[in-house]
2 protein chains.
Amino acid sequence: MEEKPARQARTQPTIYDVALACGVAPSTVSRAFSRPGRVNAETAERIRTVAAELGYRTNPLARALPTGKTDLLALVIADATNPFFFEIIRGAEEAASEGGYTMLVVDAQESVEAERQALNRTLPLVEGLVLATSRMSDSAIRVAAKQRPTVVLNRVVTDLPSVVTDNPRGMRRAVEHLAELGHTTLTYVAGPEASWVDGMRWRSMREAAFELDIKVRRLGPFAPTLAGGLAAAEKLRQQPSSAAIAYNDLVAIGMMRGLARMGARLPEDVSVVGFDNIFGSDFCTPPLTTVAAPLRRLGSFAVRALLDQMATRAPVLVRPALLPAQLVVRGSTTRKVRRSSAWVSASRATAGRTDPSGTA
Amino acid sequence: MEEKPARQARTQPTIYDVALACGVAPSTVSRAFSRPGRVNAETAERIRTVAAELGYRTNPLARALPTGKTDLLALVIADATNPFFFEIIRGAEEAASEGGYTMLVVDAQESVEAERQALNRTLPLVEGLVLATSRMSDSAIRVAAKQRPTVVLNRVVTDLPSVVTDNPRGMRRAVEHLAELGHTTLTYVAGPEASWVDGMRWRSMREAAFELDIKVRRLGPFAPTLAGGLAAAEKLRQQPSSAAIAYNDLVAIGMMRGLARMGARLPEDVSVVGFDNIFGSDFCTPPLTTVAAPLRRLGSFAVRALLDQMATRAPVLVRPALLPAQLVVRGSTTRKVRRSSAWVSASRATAGRTDPSGTA
DNA sequence: CAACTCGTGGCAACCGTTTGCCGGACGGCG
DNA sequence: CGCCGTCCGGCAAACGGTTGCCACGAGTTG
């Protein structure tokens with residue numbers, strides 16, 4: 001008659017419970033799961049069935065303590081409300097779970113301070129890091145990268161594995177497109193100054209314009225939001241242009257709304273090109289011509305690169321990975337019309353008319 | 001001359017390192033941080049400065065093992081690409097970090113199986129659970145709730161704390177609105193059958209319509225996506241209606257695109273009302289009249305309820321919490337016009353004209 | 001038949017905290 | 001002066017796995 005006191009049923013069974021029930025040592029149970037082949041096939045089988053009966057589940061916390069294997073990855077995004085990130089999250093999530101990892105999505109709330117804090121909190125928990133559109137300084141990123149394998153997304157940090165959209169090519173295509181439509185002066189509607197991507201796009205635009213013998217101007221900076229785009233519309237009214245390339249789709253859409261509100265007809269009065277092809281860019285009015293980023297691939301690619309790096313214990317990506325962008329032509333761009341921007345003066349006259357966007 | 005071997009500088013310093021440097025016991029160091037007041041103020045101060053010098057950071061894994069305190073919460077969402085969740089995530093994140101917790105955002109990818117797996121993976125790590133628009137069965141949810149404090153979001157599960165939008169009132173307002181505009185027959189464009197919310201909305205609509213002496217019809221089910229809305233447009237053409245209330249904004253927007261493509265004029269030919277007021281519903285064409293859910297509050301409220309529940313070790317929410325919805329009237333609804341749905345036949349005639357949505 | 005190898009299982013240390021318990025010092029009080 | 005309560009620090013046992021090392025038996029080989 002055995003009288004080993006049964007463990008509290010209240011708590012999860014442990015390897016000790018399984019070991020007891022099988023008449024083997026705890027270490028054998030452990031190995032039956034973590035090191036298949038290390039124990040006799042029959043024994044392992046027996047252990048596994050008993051474990052299943054008992055409802056044993058290995059405790060990830062206990063496992064992580066001695067080994068450091070948490071099976072957790074962190075994806076830090078600049079702003080959880082920005083639709084730009086949603087397909088990226090999905091892509092990252094897919095690649096992570098394919099590799100047996102769980103994604104920790106961390107929202108930096110567009111604040112360097114919040115990003116730093118959130119990072120500190122999660123860093124010790126995770127095995128690797130994807131920093132998407134980080135607002136932190138290069139050096140802060142390097143500090144993080146020193147502690148955990150890191151991949152930078154949508155930004156390039158020297159000597160750190162980076163994954164970005166091919167902005168120069170994408171911008172080149174956009175400028176060509178507008179040039180073909182007869183536009184001779186292009187306005188860049190800038191995003192936040194802290195943004196690496198903004199600098200990149202502006203530079204690429206100037207280069208492309210130079211080669212194609214097109215004039216460029218720059219407005220901004222503006223917040224990378226619909227509101228930012230609204231503000232940009234105001235500025236654009238003061239310095240009209242037949243065509244504008246916006247920092248991103250959010251700004252482009254916001255700007256188009258602002259322009260429409262002022263009485264501009266789109267795309268006749270202003271051709272607008274956005275960047276990223278986010279959710280909504282196909283059903284705004286007019287549908288937005290945009291340089292589409294391969295969002296989902298961006299996410300999955302970054303995670304796979306991270307996983308590779310973790311596996312080989314050495315950076316795999318020495319050069320920044322450039323994922324191809326693609327110009328999606330929709331309704332927001334059109335041939336330049338001779339008659340120059342009548343809406344600028346007309347706007348005052350029509351200021352009282354019904355707001356076509358429906359919100360005041 | 002001491003010759004205690006210095007610990008590997010490679011690894012993070014532990015309480016042992018700090019204890020050694022301070023000449024106290026490790027337990028004292030631990031208490032200096034976790035139980036302030038339990039140790040002498042001076043000692044604690046000394047320990048804290050030395051710890052800071054050494055760059056000591058308490059290891060959350062090691063802490064969690066004996067105590068179970070991971071400071072992690074999980075938010076399981078049905079689909080990371082659905083903009084409905086954007087603001088919910090943000091709200092939840094805010095409330096969580098206010099309470100000193102970190103949010104684990106888990107994507108169920110609209111699949112019951114994926115949801116179950118992801119849940120199994122993360123359950124042992126987290127202290128509490130928010131299930132947002134879970135697609136799992138009530139019983140599966142109860143099983144999870146048995147293991148961790150749980151709050152259900154956007155769905156009601158009997159005897160489990162639930163947080164939902166006040167759908168009946170919101171629907172009532174929508175029906176009233178359309179009734180006032182002269183519509184006498186309303187079509188409900190249904191969402192997925194597995195959706196708790198769909199059932200709720202359909203029922204509420206019938207009740208409201210009954211009271212207001214309005215006739216209702218039901219089309220569907222459709223996927224809760226833009227594509228689902230497109231399919232709905234096709235069905236609506238076969239059974240025209242002067243006004244429709246869609247399962248959610250995604251379906252509403254998709255449907256409007258489909259209708260526009262067929263040559264319908266909106267909102268004159270069909271008035272459309274959506275639900276949720278997601279990102280994009282204000283800049284689609286026409287801007288969508290919708291029953292706005294307090295998305296961010298939904299998220300933060302659910303997390304706060306969860307935190308309360310965890311603190312008091314007992315469900316705090318005995319009744320489902322109803323957060324008020326608000327009808328936002330924009331451009332997609334208008335007074336019923338006498339001349340009945342000309343677009344149905346006209347659509348064939350205009351089939352060849354330029355697609356106003358810009359995509360083929 | 002001895003020596004060696006291989007397969008398999010057990011022992012015990014370890015990961016870095018937390019915490020119950022103990023005991024010494026000190027101060028107040030009867 | 002002795003007793004008691006309080007304050008504070010240390011000891012050691014958890015928490016639940018992983019893993020280096022050893023032991024033992026069977027099979028192989030010279």
Side-chain angles (χ1 to χ4, degrees), chain A residues 5 7-48 50-51 54-72 121 123-125 127 147, chain B residues 5 7-48 50-51 54-72 121 123-125 127 147:
Chain A
R7 282 183 68 90
Q8 280 270 4
R10 192 64 255 127
T11 180
Q12 286 273 98
T14 72
I15 48 168
Y16 295 95
D17 301 312
V18 179
L20 216 62
C22 279
V24 298
S27 50
T28 306
V29 178
S30 169
R31 281 196 272 256
F33 288 104
S34 58
R35 196 84 28 126
R38 178 62 174 74
V39 322
N40 185 294
E42 292 177 34
T43 321
E45 185 49 32
R46 188 157 47 95
I47 291 177
R48 252 182 259 112
V50 171
L54 262 49
Y56 166 77
R57 320 226 45 184
T58 136
N59 178 334
L61 250 37
R63 193 171 98 102
L65 187 49
T67 60
K69 272 213 63 66
T70 58
D71 289 351
L72 248 39
R121 234 190 237 164
L123 203 61
L125 284 176
E127 293 182 48
Q147 316 197 40
Chain B
R7 283 182 68 91
Q8 281 270 3
R10 195 62 255 129
T11 177
Q12 286 273 99
T14 72
I15 48 169
Y16 293 97
D17 301 311
V18 179
L20 216 60
C22 278
V24 298
S27 50
T28 306
V29 177
S30 169
R31 280 195 274 256
F33 288 104
S34 58
R35 197 79 35 118
R38 177 64 174 73
V39 323
N40 184 295
E42 291 177 35
T43 320
E45 186 48 34
R46 188 158 46 94
I47 291 177
R48 251 179 262 115
V50 171
L54 263 51
Y56 166 76
R57 320 224 46 184
T58 136
N59 178 334
L61 249 41
R63 193 170 94 103
L65 185 49
T67 60
K69 269 212 69 62
T70 58
D71 289 350
L72 248 38
R121 234 190 237 166
L123 205 61
L125 284 176
E127 294 181 48
Q147 314 195 43

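Protein chains get the first letters and strands the later ones, always in sequence-line order, with residue 1 at the start of each.
Atom-to-atom, CG of A:Asp17 to P of D:dG17 comes out at 9 Å; the value is rounded to the nearest Å. As rounded to whole Å, 16 Å separates atom P of C:dG9 from atom CD1 of A:Ile15. For B:Lys69 and C:dT19, the NZ to C1' distance is 16 Å, given to the nearest whole Å. Following rounding to the nearest Å, A:Tyr16 (OH) and D:dC15 (P) show an atom-to-atom distance of 9 Å. Per the geometry, CG belonging to B:Asp71 stands 14 Å off P belonging to C:dT17, to the nearest Å. Residue B:Leu125 contributes atom CG, which lies 13 Å from atom P of D:dG17 at whole-angstrom precision. Rounded to a whole Å, the CG atom of B:Leu65 is 14 Å from the P atom of C:dC15.
Of all the residues in residues 55-64 of chain A, not one reaches under 4.0 Å from DNA chain C with any non-hydrogen atom. Listed by residue number, the members of residues 24-32 of chain B with any heavy atom below 4.0 angstrom from DNA chain C are B:Ser27, B:Ser30, B:Arg31. Looking at residues 35-47 of chain A, you'll see A:Arg38, A:Val39, A:Asn40, A:Thr43 sit with a heavy atom under 4.0 Å from some atom of DNA chain C.
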Contacts under 3.5 angstrom, residues 18-27 of chain A side chains, donor-acceptor by atom type, not counting sequence neighbours:
none

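Atoms CG and CZ, from B:Asn40 and B:Arg46 in turn, are 9.0 Å apart once rounded to the nearest 0.5 Å. Taken from CG in B:Asn59 to CD1 in B:Ile15, the straight-line distance is 10.5 Å, to the nearest 0.5 Å.
For A:Pro124, the side-chain contact (heavy atoms from CB on, under 4.5 Å) partners at least two apart in sequence or on another chain are B:Pro60. Applying the side-chain hydrogen bond (donor to acceptor under 3.5 Å, both in side chains) rule to A:Gln147 yields no partners; only residues at least two apart in sequence or on another chain are considered. Residues passing the salt bridge (charged side-chain N to carboxylate O under 4.0 Å, His left out) test with A:Arg31: none are found, sequence neighbours excluded. B:Arg63 is linked by a salt bridge (charged side-chain N to carboxylate O under 4.0 Å, His left out) to B:Asp71, counting only residues two or more places apart in sequence or in another chain.
Residue pairs meeting the salt bridge (Lys or Arg N to Asp or Glu O under 4.0 Å) criterion with at least one member in residues 35-45 of chain A, sequence neighbours excluded: A:Glu45-A:Arg48. Residue pairs meeting the salt bridge (Lys or Arg N to Asp or Glu O under 4.0 Å) criterion with at least one partner in residues 20-29 of chain B, sequence neighbours excluded, do not occur; the list is empty.
Between its two ends, the helix from C:dC1-D:dG30 to C:dG30-D:dC1 turns its axis by 50°, counting five pairs per end and rounding to 10 degrees.
The side-chain heavy atoms of B:Leu125 and A:Leu125, taken from C-beta on, include no pair separated by under 4.5 Å.
Contact record, B:Phe33 with B:Ala51: CZ-CB, 3.7 Å, taken as the closest heavy-atom pair.
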Base-contact (B) and sugar-phosphate-only (S) positions in nucleotides 23-28 of chain D, heavy-atom cut-off under 4.0 Å, - elsewhere: ------
